[in-house]
Structures are given as C-alpha cells and as structure tokens.
Amino acid sequence: MDHLNNQSPVDLAVNIGGIQLANPVMTASGTFGYGREFAQFVNLDAIGGIVVKGISIEPRAGNPPQRIVETPCGMLNAIGLENVGLERFIAQKLPYLRSIKCRVVVNILGDSVEEYAYLAEKLSEHAGIDGLEVNISCPNVKKGGVAFGTNPAMAQAVTEAVKKHSTLPVIVKLSPNVTDIAAMAKAVEAGGADAISLINTLIGMAIDIDKRRPRLANIIGGLSGPAIKPIALRMVWQVANAVSIPVIGIGGIGTTEDALEFLIAGATAVQIGTANFYDPGAADTIISGLTTYLEQHNETSLINLIGSLDTGVLS
Amino acid sequence: MTSIQENSRIKSAEQITEDIFRLTLHAPMIVSLAKPGQFVMVKTSSNLDPLLRRPFSIHDVSADGDLLLLYKTIGKGTTLLSALTQGMSVDLIGPLGNCFTYSGNHDVCLIGGGMGIAPLLFWARHLSSGVTKPGTHRVLLGARHRRELQPVATAFQSLGYNVDLATDDGSLGHHGFVSQLLPPILPSVQGVYVCGPTPLMQEVANQCHEIDIPCQASMETHMACGLGACLGCTIHGSDGTYKHVCKHGPIFDAKEVLWTI
Ligand SMILES: Cc1cc2nc3c(=O)[nH]c(=O)nc-3n(C[C@H](O)[C@H](O)[C@H](O)COP(=O)(O)OP(=O)(O)OC[C@H]3O[C@@H](n4cnc5c(N)ncnc54)[C@H](O)[C@@H]3O)c2cc1C
Ligand SMILES: Cc1cc2nc3c(=O)[nH]c(=O)nc-3n(C[C@H](O)[C@H](O)[C@H](O)COP(=O)(O)O)c2cc1C
Ligand code: FES
C-alpha cells in the first residue's frame with residue numbers, strides 16, 4: 001500500500017538562490033549555536049538548513065551582563081555579537097557541521113565593507129559551507145552593522161563586495177528597523193544578492209522601575225519571538241512583492257501554522273529563532289507539520305504554496 | 001554532558017511556606033543522568049506567556065527516578081508552577097551544566113542561603129553515599145525565618161549531617177547571616193561549597209580566599225536556553241572574560257568569578 005510507504009508523496013524541497021534545501025525549515029543565526037548544542041533534541045540531518053551564529057574576523061567577547069530580558073511573548077537580547085571568530089569557527093565548529101546532512105549557512109558580520117569581503121573570501125575556501133548570510137542588521141553593537149542595514153546605498157555596497165569575493169550563494173539579512181523595507185530589499189537585489197532573509201530583531205528596551213535602571217546593560221536590545229511575528233510577516237510580504245529573488249521569512253515562528261503564514265505570504269523558506277530556546281524540537285515538529293498540511297490540502301509540492309496569498313477584494 | 005527533554009509527571013506538590021514550594025517530579029531519564037549541582041529548564045506554561053523556560057537546580061533525586069525542585073515564587077513562571085497539582089505533567093530539559101566536584105577524602109563544608117539550599121541536598125546525599133561519613137562534613141543553612149528553614153534542614157539531618165542554622169529574624173539557630181557561622185569552622189575543612197544570594201557567596205568566597213581554601217559557588221543568571229546557544233547567561237570572570245553559566249557553570253571555582261561587580 002502506497003500510503004504506508006515511508007516516502008511521503010509530498011515534495012518539500014526548495015531552492016534558495018542556488019542552495020538546494022530538502023525542506024524550507026532552517027534555524028536562525030544566534031539561536032541554534034553551531035548545531036551541536038541541539039543534537040540531542042532535534043534530528044539535525046532532517047533540517048533544511050542551519051544558519052550558524054554570526055562570525056566576525058576576530059573573536060568578540062560581546063556585551064556585559066545582563067544580556068537578556070523576557071518580555072510578553074518575546075525577549076530582548078543584547079548579546080553583542082559574541083562569537084569565536086573566523087579561525088576557531090573553521091578549526092573547531094565546521095568539522096562537526098560538515099558531518100551532518102543538512103545545509104550549512106554561515107552568518108557573517110563586520111565593521112567595514114572590507115571585513116565582510118575578507119570573511120566572504122576566506123569562507124569560500126572551505127568545503128562544507130553551502131551559503132553565506134550577511135548580517136547587515138544587528139542592532140546590538142554600536143560600531144557594528146547598523147549603518148549598513150539602514151542605508152540602501154551602504155547595503156548595496158556590502159552586498160556587491162561579498163558577491164565579488166565569494167563563490168557561494170549570498171543571502172542578505174535585512175534589519176526591520178527602517179521605514180521602507182522594500183527599498184532596502186531592492187538595493188541588495190541590485191547589489192547581486194542571491195536571496196534575502198528577514199527580519200532581524202526589532203530594537204527595544206525594558207526598565208526596572210524599582211531601580212530606575214535599564215534591564216539590559218547595553219540599555220537597548222533586539223526584540224524577538226512570537227511578539228514580532230505580525231511585523232515580520234508584513235515585511236516579508238512587502239519584500240516578496242518587491243523583488244524577484246527568493247525570500248526567507250524569520251520572526252516569531254514557532255509552529256507549523258506560523259511557518260505556513262510566511263510561505264503563503266511569499267517566503268520560499270523560513271528560519272526558526274527564539275522558539276529553539278523554549279522548544280528545541282520545533283524544527284522537527286514544523287517539518288512534519290508541513291507534510292501533514294500539504295497532504296490534507298491535496299498539494300503534492302510545497303512550491304505551490306509559496307506566495308499563494310489571495311488579496312482579492314473581500315466583500 | 002548528555003541532556004534530554006522529558007515530560008515528567010508531578011508526584012507531589014507541597015507548599016512549605018506562603019512562597020516556598022517543593023515539587024516531586026517523576027523524571028527517570030533525567031534522574032539517571034543527573035549529577036549534584038546540575039539544573040533543569042522547566043516549562044512553566046503551555047502557551048507563549050511566559051515564553052522562556054525557567055532554570056532550577058536539582059534539589060534531590062530518588063533511586064526510583066524522582067526529581068525534586070525547591071523553589072520560591074518570584075514572578076510569573078514560578079507562580080504558574082505553584083498552581084500545578086499532583087498528576088499533571090511538566091516538560092523538563094536536563095540535566096544541564098556542570099556539577100560539584102570532590103577530590104580526596106577530606107572534610108568539607110556546605111553553605112546554603114535561601115533557595116541556594118536547593119542544590120546542596122543532592123550534593124549532601126552524594127557525599128554521604130559512601131565517599132565519606134556525613135558526620136565529618138559540615139552543613140550551614142540560612143533563611144529568613146524558621147518556617148522556611150526547618151523543613152529543608154530536616155532533609156539534611158536525616159542523611160546524618162550535623163546542621164548549623166541561621167535565620168534573619170533569629171527564629172531558629174543563629175540570629176544573623178549564615179556566613180557568620182563559617183569562621184570557626186573554616187580552619188577544620190579543606191573545601192567549601194556555597195549557593196545563595198550573591199552577597200553571601202561573595203562573603204564566603206572572600207573568607208575562603210583569605211586562608212586559601214578551595215570554594216565552589218553555584219551561580220545564577222538570566223537564561224534563555226540553558227543549552228549554550230543564546231549566549232545570554234554571562235557573568236564576569238576574574239580573568240576579564242565572560243563566563244556562560246549554563247555551559248561553564250553553574251558551578252564555578254570561586255576564584256574564577258569576579259565578585260566585585
Ligand atoms: C542555574 C540556576 C538554578 C536555579 N535554581 C533555583 C532553585 O533551585 N530554586 C529557586 O527558587 N530558584 C532557582 N533559580 C532562580 C529561578 O530560575 C528564578 O527564580 C525564576 O526563573 C524566576 O522566574 P519567574 O517567572 O517566577 O520570575 P520573573 O521575574 O517573572 O521572571 C522573568 C525572567 O527573569 C528570569 N529570572 C528572574 N529571577 C531570576 C533569577 N534569580 N535567576 C535567573 N533568572 C531569573 C526568569 O527566568 C525569566 O526569564 C535558579 C536560577 C539558575 C540560573
Ligand atoms: C539571542 C539571539 C542572538 C542572535 N544572534 C544573531 C546573530 O548573531 N546574527 C544574526 O544575523 N541574527 C541574530 N539573531 C536574530 C535571529 O537570527 C532572528 O533574526 C530574530 O531573532 C527573529 O527571529 P525569531 O523571532 O524567530 O527569534 C539573534 C537572535 C537572538 C534572540
Ligand atoms: S542560557 Fe543560553 S547560552 Fe546559557
């Protein structure tokens with residue numbers, strides 16, 4: 001009997017600007033470590049792709065504590081881009097990532113166009129990396145990528161530099177802390193981006209009213225989690241309508257239904273972020289949930305779902 | 001260290017005082033892996049608010065797979081936890097972090113203040129399980145009032161320990177801080193384990209440092225994941241680096257911690 005066969009009749013495969021994913025479920029940078037941290041909770045081989053914690057040329061220590069604050073249905077973080085740096089990433093983290101079956105995307109960050117270009121060039125020399133995700137949007141580091149992510153010309157320049165110095169597919173990750181997200185998307189598309197991911201965190205703040213002090217040592221931080229989902233969804237929809245390259249939806253995704261909303265809005269893939277913290281098996285659950293949804297809706301391919309939103313006038 | 005996600009069942013939920021609770025969870029898989037000093041991340045709600053899991057030390061374990069938590073209601077998560085009753089299930093991730101260590105067969109002192117007592121019972125049980133005789137180790141416990149100290153102290157006493165007590169209001173044992181009980185004892189022990197409010201741990205760490213006695217402290221920070229992924233759980237290390245409590249800790253050599261910040 002066919003339906004008892006392990007092989008599901010539905011096809012979840014998608015292509016993100018040259019990166020072929022077995023399914024559209026990825027894990028977001030900074031929320032999934034370097035993969036290994038989750039090996040006991042989720043089937044790493046079955047995930048569409050892992051985006052690793054943002055890497056800079058030199059290791060970064062990050063911000064002083066307190067770095068995280070829980071907020072209603074969300075959290076603020078001011079990690080400050082703490083990471084092991086390029087050299088240790090390649091020596092200590094990449095070998096494990098190479099041993100798992102899923103696609104590996106390396107998230108990169110820098111203080112200048114030259115730093116992004118250098119990272120792109122060096123990472124392209126190593127086997128086991130399927131793509132780059134350029135973080136032009138992290139709000140945490142005062143000197144960091146914030147200027148790139150809020151200025152279309154700067155964003156385009158970084159994209160061009162990374163493309164020029166890399167043989168890998170390049171995903172540019174947008175900041176939501178802008179007035180016109182479509183303009184940012186068009187700029188990075190013009191810069192040669194193979195795909196766009198969004199959103200990074202929204203800048204927020206929390207105050208301890210007894211001490212009259214900010215809760216985060218950095219004063220401000222990035223808001224993530226279910227609280228940001230409607231904003232992320234709106235921006236993904238706007239960007240998907242503005243560009244012709246694939247879009248990856250990120251922001252508050254924790255369930256199959258969340259992922260479906262983003263796909264219907266026009267995302268070709270999704271990334272799970274904060275949900276990994278409270279539900280480390282979320283990726284597995286969403287992958288099987290997508291299969292079930294397609295079967296129930298008599299769809300054979302997930303691709304038919306992407307951008308299928310009907311905005312025709314409702315009376 | 002191996003950790004897993006386990007759906008535990010509440011065997012009993014006891015209220016000790018108006019804000020202190022003891023929860024007995026049947027979690028045989030986590031218990032089989034657990035070492036004293038480790039913690040679990042507890043899901044306190046089935047919806048998205050509160051969003052994050054809450055970290056709690058493993059208070060004690062039993063041979064038949066029970067895991068005990070001792071906690072105080074502070075805010076949203078612990079209040080929800082306190083409303084749970086026998087038979088309900090609680091989603092846990094654990095055991096997480098490193099553990100207390102003991103080398104040789106010398107005498108040690110365990111000092112706990114408030115909810116910092118929680119991880120020490122499991123450690124005391126381990127130390128009394130053959131490594132050394134309980135009577136030779138010292139246990140110092142402190143709390144606000146007799147009502148919250150007596151029930152937890154009894155558990156140490158039934159392991160055979162001589163327990164010295166202190167309360168803020170003098171209702172049981174020494175009237176004052178538990179750290180004030182340490183100086184006369186310190187010269188006769190070769191190791192100290194402390195958990196409690198930061199001022200207590202800092203004071204104990206200083207006393208140990210002065211006469212060069214090794215001290216292990218169980219540290220607390222805000223945590224999003226407990227898995228080493230979010231990098232949110234930092235404390236200042238004495239060497240100028242940041243330490244991640246869920247990965248490098250929660251148990252630290254007191255000398256590794258920068259106490260002055
Ligand atoms: C390793 C470790 C072991 C712990 N063991 C125990 C224990 O055995 N018994 C016990 O009563 N408490 C323990 N705590 C503290 C316990 O985690 C907090 O009391 C609890 O998270 C408060 O949650 P809440 O929702 O009630 O409070 P809220 O104030 O509503 O919580 C808001 C946010 O702040 C965090 N938070 C608040 N207070 C603390 C704190 N002191 N430490 C860390 N995060 C905090 C919460 O986790 C949550 O993310 C431990 C903490 C750590 C890090
Ligand atoms: C603790 C934490 C660390 C993060 N670190 C990075 C990072 O290094 N690089 C990056 O591009 N995004 C980083 N992000 C942003 C996430 O990848 C994601 O874009 C954002 O959290 C929104 O998705 P979510 O609501 O599903 O978490 C981080 C987010 C969190 C919560
Ligand atoms: S709590 Fe997330 S890294 Fe420690």
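All chains are named by letter (A, B, ...) in the order of the sequence lines, taking the proteins before the strands, and each is independently numbered beginning at 1. On a predicted model such as this, the values are computed, not experimentally measured, just so you know.
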* To do: Would you sort out whether A/E82 and A/R67 count as a salt bridge (charged side-chain N to carboxylate O under 4.0 Å, His left out), showing the intermediate values?
  => CA-CA 11 Å; A/E82 172 180 345; A/R67 290 183 172 185; 2.6 Å; yes
* With B/F56, the ring pair (Phe, Tyr, Trp, His ring centres under 6.0 Å) member among B/F21, B/Y71, B/F122, B/F39 -> B/Y71
* When only pairs under 4.5 Å are counted, which of A/R36, A/E37, A/E70, A/K53 shares the most heavy-atom pairs with chain B? -> A/E70
* Asked: Given the options A/P72, A/G62, A/G225, A/P64, which has more heavy-atom pairs under 4.5 Å with chain B than any of the others?
  -> A/P64
* Have a look at A/T27 and tell me which of A/V105, A/V42, A/L44, A/I47 forms a side-chain contact (heavy atoms from CB on, under 4.5 Å) with it. => A/I47
* Per-residue contact mode, A/F38 against chain B (heavy atom under 4.5 angstrom) -> side chain
* **Centroid-centroid under 6.0 Å between B/H236 and B/Y242 rings** => yes
* Structure fact -> Greatest number of non-hydrogen atom pairs under 4.5 angstrom with chain A, of B/L52, B/D49, B/N47, falls to B/L52
* Residue B/L231 versus chain A: region with a heavy atom under 4.5 Å -> both
* To do: State, yes or no, whether a side-chain contact exists between B/L149 and B/I117 at a heavy-atom distance under 4.5 Å.
  => yes
* Between B/I235 and chain A, which part of the residue has a heavy atom less than 4.5 Å away: side chain, backbone, both or neither? -> backbone
* To do: Could you tell me which portion of A/F32 (side chain, backbone, both or neither) has an atom closer than 4.5 angstrom to a non-hydrogen atom of chain B?
  => backbone
* Asked: In terms of side-chain geometry, is the basic nitrogen of B/K43 or A/D279 positioned less than 4.0 Å from the acidic oxygen of its partner?
  -> no
* Structure fact -> Of the listed B/G228, B/C230, B/C233, the one with the largest count of heavy-atom pairs under 4.5 Å with chain A is B/C230
* Asked: Measuring heavy-atom distances to chain B, does A/Q66 have an atom under 4.5 Å in its side chain, in its backbone, in both, or in neither?
  -> side chain
* Asked: Around A/Q92, counting heavy atoms of other residues, nucleotides and ligands shown, do more than 12 lie under 6.0 Å from its CD?
  -> yes
* To do: For atom NE2 of B/H209, decide whether the heavy atoms of other residues, nucleotides or ligands shown that lie under 6.0 angstrom number more than 12.
  => no
* To do: Identify which part of B/T221 has an atom lying under 4.5 Å from any heavy atom of chain A, answering side chain, backbone, both or neither.
  => neither
* Structure fact -> In terms of heavy-atom pairs under 4.5 Å with chain A, the winner among B/M223, B/R53, B/K76, B/K247 is B/R53
